[in-house]
Amino acid sequence: MSLVRNIENQIKKVLEQAAIEAQEAGALTFAALPDYVLEVPREKVHGDFAANIAMLLAKEAKMAPRKIAEIIVQHIHTQHTWIDKIEIAGPGFINFYLNHTWLYEVLPLVIEQGDYYGRSEFGAGKKVQVEFVSANPTGVLHMGNARGAALGDSLAGVLEAAGFDVSREFYINDAGNQIEKFGQSLEARYLQLLGHEVPFPEDGYHGQDIIDTMQTLIDEKGDKYLTMDEALRRELLVKYALEVKIDNIRKTLEEFGVYYDVWFSEQTLHDSGEVAKTIATLKNDGYIYEKEGALWFQTTKFGDEKDEVVVRGNGIPTYFAADIAYHKNKFQRGFERVINIWGADHHGHVARMKGAMEALGYDPEQLTVILMQLVRLFRGGEILRMSKRTGTYVTLNELMEEVGRDAARYFFVMRSPDSQMDFDLDLAKSQSADNPVFYVQYAHARICSILRQAEEMGYELPQVSLEECHVLSHPAEITLIRKIADLPDEIISAAENLAPHRMTTYAHDLASLFHGFYTNCRVLTDEPELRHARLLLTKATGICIKNVLHLIGVSAPERM
RNA sequence: GCGCCCAUAGCUCAGCUGGAUAGAGUGACAGACUUCGAAUCUGGAGGUCGCAGGUUCGAAUCCUGCUGGGCGCGCCA
């Protein structure tokens, strides 16, 4: 339980007790306590916490909210609490003003917990899976994948910090139509590179990377596939190229700071018969019918607009069929919650996927799909298309080269998944110092610099007692400590709302408060007590910044 | 035509399950370094929260309709 939660509980307790006492004394009438909110007011003058309970009771108690507030306040006992003062304001808010010394406890706590400060047991070890990127293995990673990677990994990090048992997973679409086309494309390039004039498939993969991959193969293994049976040749070329491609994707993601627990192959679902078994189960339960030679799944039963093919007329299951089997497999692995991050262009798939889970007897609520709006790339004021077919995309590798990993990750995480992103490459390149990530990192570097100098001057990082913290009374100090105290709850809130972008907001606020503190309060002063306490505060801030940045995969440099 | 997402300061975006006077960054303007990092700080300027209704003590937030933009509606994935 965080310090802040403790305080909130204390206030709620005395507040609710007061309301009940008033009721028992006959001063107020209501059946049950309303679902009120205790929140931190936006305006400082409104106190440290505010409750809206009086307004919510107004109708039932048939009394003016301010009058109700007055009655409740009369019954509040503030002995043995941190409450200094209570005021009634506005339409009937009850505002609590606290003795701010309650905050000091957080500083030794941060130092003691170090890298762990901010983490909590909120998730109680529940198994959660986050599946993200799952890019087509026939190509390289583009900007959409980059956003998904930054978002998914940060979300996983936030969930982990909030106490969930998180597994990061990449689903490899190594089966189906696209692999057929991939094989045809590879074969055509292979033959062309060896001097044979063969046509390139119209809907094949035109990217340069396919040519490069085949050139490498030729350099390594020569022309031994020329005389082979065509089907076998394509199979071997695909096997080789997929391995190379997936390995590249893995390496690129690792450079981006993203590591997966599981790389899950679609092909294994076909090989193990899970796809066929899943279709059979659905058929048995009457969700599947035959029409025009194909098998259709009645997704309309679950609110979809039209039914969906699961097995084509040629007997080959569709991607959708494999995906149902895949999600069934996820739940069979015991995840209490499954989170997918998909591009907005897949949104039509969400309802039928949930419907399929329901048909299989799972609770569709356990599956959450985060739809991420697409990234539009601008260069020279013009939109770049991200099609894999044309080969004119900008890759994640190029992005990292141009703006750096930290800036790229921070930039992607900063925005809510719902917002469309225009990524201006020229801007990112030419004015990268404008990126807020530097602001936060600068605060951390500054902190490290102060701590280094303190060390050089022979000032020990002291074991500071709570009493010594009381010298911290400047408003800049108090607001900074308050922010530090908030970290565990901020992380929980980001986890609950699946909103990792809140962490960048927090990081920026924290950095800003530190810069303000730095400007107003000299850390390395000659007064030992004050210096000790401020060094402690400085160090605690540094720990928070570092922990938050690491959560979202951004480094916290000690020098810049 | 149907479905999903979005519309907040000149620009890019926050705004936690409905709360009090809607916030940052950036751009422009005016200031602050003989002392811990000026990649910083301090000011003011900038808003019919797309439009119109509705629910509520109270709406940027919830409901309905409309306008404008993105995406989707395949025996592709």
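All values derive from a computational prediction rather than experimental measurement. Letters A, B, ... are given to chains in the order of the sequence lines, protein chains preceding strands, and every chain is numbered from 1. Note that these values count all heavy atoms, side chains included, but never hydrogens, waters or copies made by symmetry.
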Contact between [X] and [Y] at the side-chain level, heavy atoms closer than 4.5 Å - yes or no?
X	Y	value
A:L151	A:F132	no
A:I11	A:L98	yes
A:H142	A:N145	yes

Can you classify the ring geometry of [X] versus [Y] as parallel (below 30°), tilted (30 to 60°) or perpendicular (above 60°)?
X	Y	result
A:H349	A:W342	tilted
A:F264	A:Y326	tilted
A:F297	A:F320	tilted

**OP:** Would you check if A:Y442 stacks with the base of B:G37, given a 5.5 Å centroid limit and a 30° plane limit, both strict?
**Re:** no
**OP:** Evaluate whether the aromatic ring of A:H46 and the six-membered ring of the B:A20 base sit under 5.5 Å apart, centre to centre, with an inclination under 30°.
**Re:** yes
Give one of base, sugar-phosphate or nothing for [X], where a contact means two heavy atoms less than 4.0 Å apart.
X	answer
A:C521	base
A:Y518	base
A:A344	sugar-phosphate
A:A89	base
A:A351	nothing
A:E490	nothing
A:A50	base
A:D486	nothing
A:E558	base

Rounding to a whole Å, what distance do you find between [X]:[atom1] and [N]:[atom2]?
X	N	atom1	atom2	answer
A:D345	B:C71	CG	P	10 Å
A:R376	B:C71	CZ	P	8 Å
A:L374	B:C6	CG	C1'	12 Å
A:D307	B:G74	CG	C1'	15 Å
A:R531	B:C36	CZ	C1'	12 Å
A:R534	B:C36	CZ	P	15 Å
A:H515	B:G37	NE2	P	13 Å
A:M353	B:G3	CE	P	23 Å

Original post:
Under a 4.0 Å N-O cut-off, is there an ion pair linking A:E358 with A:K301?
Top reply: no
Original post:
In terms of side-chain geometry, is the basic nitrogen of A:R482 or A:D48 positioned less than 4.0 Å from the acidic oxygen of its partner?
Top reply: no
Original post:
Is there a donor in the side chain of A:N95 and an acceptor in the side chain of A:E87, or the other way round, less than 3.5 Å apart?
Top reply: no
Original post:
Quick one: do the A:R502 and A:S493 side chains pair a donor with an acceptor below 3.5 Å?
Top reply: yes
Original post:
Would the A:Y287 and A:F302 ring centres measure less than 6.0 Å apart?
Top reply: yes
Could you please name the option among [options] that lies closest to any side-chain atom of [X]?
X	options	value
A:Y319	B:A20, B:G37, B:A77	B:A77
A:H508	B:C73, B:G72, B:G25	B:G25
A:N177	B:C71, B:C36, B:A77	B:A77
A:F93	B:A20, B:C41, B:C5	B:A20
A:R42	B:A22, B:A77, B:A39	B:A22

Original post:
Distance check: side-chain N/O of A:K306 vs OP1/OP2 of B:C2, anything under 4.0 Å?
Top reply: no
**OP:** Using only side-chain N and O atoms of A:R452, determine if any of them is under 4.0 Å from OP1 or OP2 of B:G37.
**Re:** no
Return the pairing partner of [N] with a 3.5 Å limit on both distances, Watson-Crick or G-U wobble; otherwise return none.
N	value
B:A45	none
B:G1	B:C73
B:A24	B:U12
B:A59	none
B:U64	B:A52

Using atom names, set out every protein N or O paired with an N or O of nucleotides 8-18 of chain B below 3.5 Å, distance rounded to 0.1 Å.
{"residue": "B:U12", "atom": "O2'", "partner": "A:R415", "partner atom": "NH2", "Å": "2.3"}
{"residue": "B:C13", "atom": "OP1", "partner": "A:Q420", "partner atom": "O", "Å": "3.0"}
{"residue": "B:A14", "atom": "OP1", "partner": "A:S416", "partner atom": "N", "Å": "3.0"}
{"residue": "B:G15", "atom": "OP1", "partner": "A:H501", "partner atom": "NE2", "Å": "3.0"}
{"residue": "B:C16", "atom": "O4'", "partner": "A:R502", "partner atom": "NH2", "Å": "3.3"}

Original post:
Is any side-chain N or O of A:N52 under 3.5 Å from a base N or O of B:G19, one able to act as donor and the other as acceptor?
Top reply: yes
**OP:** Please evaluate the base of B:G3 for a donor-acceptor partner in the side chain of A:H347 within a cut-off of under 3.5 Å?
**Re:** yes
Subject >> Earlier contact from the 5' end, RNA chain B, for A:I94 and A:N173 >> reply: A:I94
Original post:
Where each residue is assigned the nucleotide of RNA chain B containing its nearest heavy atom, which of A:T525 and A:H349 is assigned the position nearer the 5′ end?
Top reply: A:T525
Atom pairs, N/O to N/O, protein against nucleotides 55-57 of chain B, distance under 3.5 Å?
none

Between the protein and nucleotides 59-61 of chain B, list every N/O to N/O distance that falls short of 3.5 Å.
none

Would you say the side-chain atoms of [X] pair up with the backbone N or O of [Y], donor to acceptor, closer than 3.5 Å?
X	Y	answer
A:S185	A:K181	yes
A:K546	A:H444	no
A:R312	A:T318	no
A:Y289	A:Q298	no

Subject >> Atom C1', compared across B:C49 and B:U8: separation rounded to whole Å >> reply: 4 Å
